[in-house]
Amino acid sequence: MSTPFSPEEIASEGIKPEEYNEIVKRLGRHPNKAELGMFGVMWSEHCCYKNSKPLLSQFPTKGHRILVGPGENAGVVDLGKGLHLAFKIESHNHPSAIEPFQGAATGVGGILRDIFTMGARPIAILNSLRFGKLDNPHTKRIFAGVIEGIAHYGNCVGVPTVGGEVYFEKAYADNPLVNVMALGLMETSEIVKSGAKGIGNPVLYVGSTTGRDGMGGASFASAELTDESLDDRPAVQVGDPFLEKSLIEACLEAFQTGAVVAAQDMGAAGITCSTSEMAAAGGVGIELDLDKIPVRESGMIPYEYLLSESQERMLFVAEKGRENELIEIFHRWGLQAVVAGTVIEEPIVRILFNQEIAAEIPASALADNTPIYDRQVSPEAPEYAQKAWAWQKETLPPSNLEGITIDSKHYTWNQILLQLLDNPTIGSKHWIYRQYDHQVQNNTVILPGGADATIIRVRPVNANPAQCKIGVAATTDCNSRYVYLDPYEGAKAAVAEAARNLSCVGAEPIAITNNLNFGSPEKPVGYWQLFHACKGISEACLAMNTPVTGGNVSLYNETVDSTGKPQPIYPTPVIGMVGLVPDLTKISGQGWQETGDIIYLLGKANGKLDGSEYLATIHQIVAGKPAQVEFELEKKVQSCCRQGIHNGLVKSAHDCAEGGIAVALAEACISGKKGAKITLDHKNKRIDEILFSEGPSQILVSVNPSDLPKWESLLQQHLGDAWQKLGVVTSNLDNLQIFTIDNQPLIDVTIVNISQTWEEALPRKIGF
């Protein structure tokens with residue numbers, strides 16, 4: 001029996017020749033065009049995780065707070081007192097590279113649907129963004145479009161964008177990363193699952209109409225970007241946030257009736273994904289009639305219906321006899337709602353069109369019984385890593401009390417600090433978040449930029465805000481340079497930093513969702529990075545007792561340069577972590593609070609210049625091996641910080657991250673609008689090392705002098721000698737002053753100077 005498709009037609013669906021043979025085996029025949037397209041999207045990395053699933057299986061997913069783990073639209077955790085939180089992170093990288101505004105906007109819409117599909121009302125959005133250097137006009141265009149898209153959708157739909165992170169690295173010049181995390185508070189008594197049930201139950205299509213936008217988006221997301229990717233603009237969806245707002249309200253009202261048996265967002269792969277995954281999850285089948293699907297374009301064929309990723313659409317299984325009750329709700333909200341199919345006993349997806357069978361495939365062949373590639377990882381680190389690990393700090397120019405000479409030009413430490421603060425990765429993100437409505441819903445406790453993590457008041461519908469003392473903290477974190485240099489240690493550091501940021505606001509870290517952004521797993525280097533990063537995440541989550549509730553895998557983040565050579569991004573496993581704030585009256589920000597407060601460093605000053613922002617920004621070097629996380633110390637440092645906050649002893653807390661202790665001190669001065677006088681030990685260390693080295697398990701805190709006996713007793717109890725008293729908070733008229741232990745001055749800069757440099761870093765680079 002001859003193949004009805006050419007090799008080029010098969011490849012255009014993202015299907016390899018050997019995979020096509022597997023399709024024929026599963027069907028017992030050749031597929032038709034619609035069926036081939038269905039397999040193409042469902043067997044893409046974006047949908048079936050064929051290269052990453054063996055690695056994801058090692059993640060810890062159980063815990064006393066975990067109610068729903070991986071496999072559903074979002075994870076759900078128990079906050080206590082009957083409060084349940086749904087959360088997840090997703091990527092929209094390739095669409096944002098081609099159409100920055102719509103790519104980012106629909107990324108927000110998609111992750112919100114994952115949340116309210118579970119029966120949760122979205123309460124917050126965070127994002128993790130990566131762009132190229134801002135001296136590139138192309139990067140500026142992508143950057144501005146992405147920010148506008150996020151702001152547009154979130155602001156219009158009425159969900160606050162409250163936090164996140166933004167990095168600028170050359171590696172992301174043509175392949176930006178747009179990862180969006182959303183949180184939601186459960187409003188239904190039962191969590192809404194996706195598995196179809198009840199033979200004969202009607203299948204409802206609800207929401208918006210179906211068009212040709214987003215065609216094959218899942219396959220598009222699972223291939224490298226090339227010059228021809230501009231031709232894939234139809235694979236980028238177009239969203240309507242006002243319609244999504246209505247969809248949120250209609251869905252939550254529908255769920256409250258108890259008439260919804262199962263629900264699934266039509267995200268990646270649209271109708272194909274929702275029908276097959278719902279059927280497979282329930283061990284049943286679904287028959288769907290495309291003639292009943294509301295459309296916005298004429299002349300559509302089954303292939304287009306099935307691969308469309310038009311936004312704001314859902315698929316429900318309803319209790320038989322109650323479908324009209326649900327349809328009335330959606331019509332009242334101005335939305336489409338039709339009975340388009342039924343649950344059948346035979347475990348297949350049967351698609352009808354013009355009263356004929358347009359496609360008929362076993363549900364498991366699309367959703368469960370998919371190709372899995374258990375690849376072998378190279379036993380040796382790739383050449384780039386071995387070369388980077390050979391770097392030694394001794395190769396840097398000598399540094400002394402007065403500064404450092406680089407390429408015959410002398411720089412004082414004041415100048416070095418200001419250069420770091422002028423880096424848009426470190427500088428203020430106010431230009432970005434001022435475009436976001438971060439206070440809508442009136443539950444944002446700490447505004448963006450005021451602390452190491454965001455805090456949202458957990459307020460059930462119609463609750464009195466004064467009675468709501470429980471909060472949830474959230475953060476997104478990943479230093480991708482660390483992961484590039486050492487995927488295993490870098491991934492562990494990302495988990496530790498996320499937990500540390502939550503601890504700095506007084507929250508107990510409880511669970512994570514992750515977004516694994518990597519290059520091609522089919523190349524030895526790409527798979528080596530992915531393999532070791534997943535191992536690092538797994539071990540770190542076990543150590544920190546923060547199970548994984550789900551997430552997203554975004555591979556093939558590569559572009560082809562002018563010579564035809566693939567250029568992958570830095571491996572970027574973003575960690576989205578949530579934490580419980582038991583009492584909103586006992587939290588902390590990062591800025592100094594009172595003149596005269598005493599400043600401490602929790603943890604050991606054991607950072608390294610390897611992989612640091614100082615090394616990359618000042619010396620233009622990306623090399624070395626980042627400092628390793630000692631999890632026993634990490635947990636003690638975080639526990640001490642949290643207890644100090646809960647006891648009312650710690651007035652401010654700030655993680656030492658990019659730029660080391662000098663930048664962390666400057667940020668606390670900027671945020672608190674006060675100065676500081678600090679003494680640092682420089683014995684057996686380079687001056688740049690004591691100022692700008694980076695390492696885990698380090699938190700700056702400030703404490704009222706009257707509380708020192710209680711505080712230092714707590715320090716001894718938790719940390720032994722793993723802490724230092726650094727100095728004192730000074731008034732807003734004073735400078736940031738850093739001295740050595742023999743009273744030699746290293747840094748003496750005005751708060752006005754560092755604040756202005758930090759605040760203008762991003763606007764100056766983008767020219768807006």
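Note that the numbering runs from 1 along the sequence shown for the chain. Worth knowing before you read on, the calculation uses all heavy atoms, side chains too, and leaves out hydrogens, waters and symmetry mates.
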Classify the side-chain pair T572/Y172 by whether it contains a donor and acceptor separated by less than 3.5 Å.
-> yes

Report yes if some heavy atom in the side chain of L420 is under 4.5 Å from a heavy atom in the side chain of E613; otherwise report no.
-> yes

Output the distance between atom CD1 (I678) and atom CG (L691), rounded to the nearest 0.5 Å.
-> 11.5 Å

So, for T106 and Q102, which heavy atoms are closest and what is the spacing to 0.1 Å?
-> OG1-O, 2.6 Å

Answer yes if the ring centres of Y570 and Y167 are under 6.0 angstrom apart, and no otherwise.
-> no

Contacts of E244 that satisfy salt bridge (charged side-chain N to carboxylate O under 4.0 Å, His left out) - sequence neighbours left out = R113

Side-chain contact, heavy-atom cut-off 4.5 Å: P448 with K429?
-> no

Got L700 and I599 here, is their nearest side-chain heavy-atom distance under 4.5 Å?
-> yes

Smallest heavy-atom separation, A616 atom then V622 atom, equals CB-CG2, 4.3 Å

Counting only N and O atoms by type, is there a donor-acceptor contact under 3.5 Å from the side chain of N514 to the main-chain atoms of L516?
-> no

Is it true that the side chains of E759 and S755 contain a donor and an acceptor less than 3.5 Å apart?
-> no

Evaluate the side-chain proximity of Q435 to H152: yes if any heavy-atom separation is below 4.5 Å, no if none is.
-> no

Is the backbone N or O of Q415 less than 3.5 Å from a side-chain atom of T412, with the two atoms forming a donor-acceptor pair by type?
-> yes

Side chain to side chain contact (heavy atoms under 4.5 Å, CB included) partner of P573, the single match among N515, I537, V495 = I537

To the nearest 0.5 angstrom, please state how far the CG atom of L134 sits from the CZ atom of F168.
-> 4.5 Å

Is there a donor-acceptor contact under 3.5 Å linking the side chains of N557 and N517?
-> no

Which class fits the ring pair F143 and F131: parallel under 30°, tilted 30 to 60°, perpendicular over 60°?
-> perpendicular

Any donor-acceptor N/O pair, S428 side chain to H430 backbone, under 3.5 Å | yes

Just checking, any donor-acceptor pair under 3.5 angstrom between side chains of N479 and E497?
-> no

Is there a side chain to side chain contact (heavy atoms under 4.5 Å, CB included) between C478 and R130 once you walk through the steps?
-> CA-CA 11 Å; C478 178; R130 302 292 188 283; 3.7 Å; yes

Trace of the side chain to side chain contact (heavy atoms under 4.5 Å, CB included) decision for I404 with I618 | CA-CA 10 Å; I404 188 169; I618 306 302; 5.5 Å; no

Measure across I575 and A498 and return the closest heavy-atom pair with its distance rounded to 0.1 Å.
-> CG2-CB, 4.0 Å

Could you check if a side-chain atom of Y484 sits within less than 4.5 angstrom of a side-chain atom of Q529, using non-hydrogen atoms only?
-> yes

Minimum side-chain heavy-atom gap Q441-V159 below 4.5 Å | yes

Run the side chain to side chain contact (heavy atoms under 4.5 Å, CB included) check on V749 and N735 step by step: do they pass?
-> CA-CA 5 Å; V749 287; N735 298 351; 5.8 Å; no

Crowded around K133 NZ? As in, over 12 foreign heavy atoms under 6.0 Å?
-> yes

What are the two closest heavy atoms between L177 and N93, and how far apart are they?
-> CA-OD1, 3.3 Å

So how far is it from I645 CD1 to C504 SG, rounded to the nearest 0.5 Å?
-> 7.0 Å

Basic-acidic side-chain contact under 4.0 Å: K651, E594 | no

Exercise: do N175 and T559 side chains pair donor with acceptor under 3.5 Å | no

Between the side chains of D213 and S310, is a donor N or O closer than 3.5 angstrom to an acceptor N or O?
-> yes

Taking N501 for its side chain and S503 for its backbone only, find out whether a donor-acceptor pair lies under 3.5 Å.
-> no

For A627 and G695, work out which heavy atoms get closest and say how close.
-> CB-CA, 4.1 Å

Donor-acceptor under 3.5 Å (S588 side chain, A653 main chain) | yes

So, does D452 use its side chain to make a donor-acceptor pair with the main chain of D655 at under 3.5 Å?
-> yes

Evaluate the criterion side chain to side chain contact (heavy atoms under 4.5 Å, CB included) for residue pair V472 and L185; output intermediate values, then yes/no.
-> CA-CA 10 Å; V472 60; L185 188 61; over 6 Å; no

Under a 4.5 Å cut-off applied to non-hydrogen side-chain atoms, are L247 and F116 in contact?
-> yes

SB check E312 K245 (cutoff 4.0 Å) = no

Would you check if the side chain of T549 reaches a backbone N or O of I512 as a donor-acceptor pair within less than 3.5 Å?
-> yes

What heavy-atom pair brings G550 and T513 nearest, and what distance separates the two atoms?
-> O-OG1, 3.0 Å

Inter-residue atom distance L129.CG - S96.OG, 0.5 Å rounding = 9.0 Å

Polar side-chain atom of T730 near backbone of A676 as donor-acceptor pair, under 3.5 Å | yes

Report yes if some heavy atom in the side chain of N442 is under 4.5 Å from a heavy atom in the side chain of R459; otherwise report no.
-> yes

Side-chain (H438) to main-chain (Y436) donor-acceptor, under 3.5 angstrom = yes

So, K586 side chain and L584 main chain: donor-acceptor pair closer than 3.5 Å or not?
-> no

Value rounded to 0.5 Å, distance of CG in L680 from CD in E689 | 12.5 Å

W413 and F692 aromatic ring geometry - parallel, tilted or perpendicular at 30°/60° bounds = tilted

Kindly compute the distance separating CG (L417) from CG (L736), expressed to the nearest 0.5 Å.
-> 7.0 Å

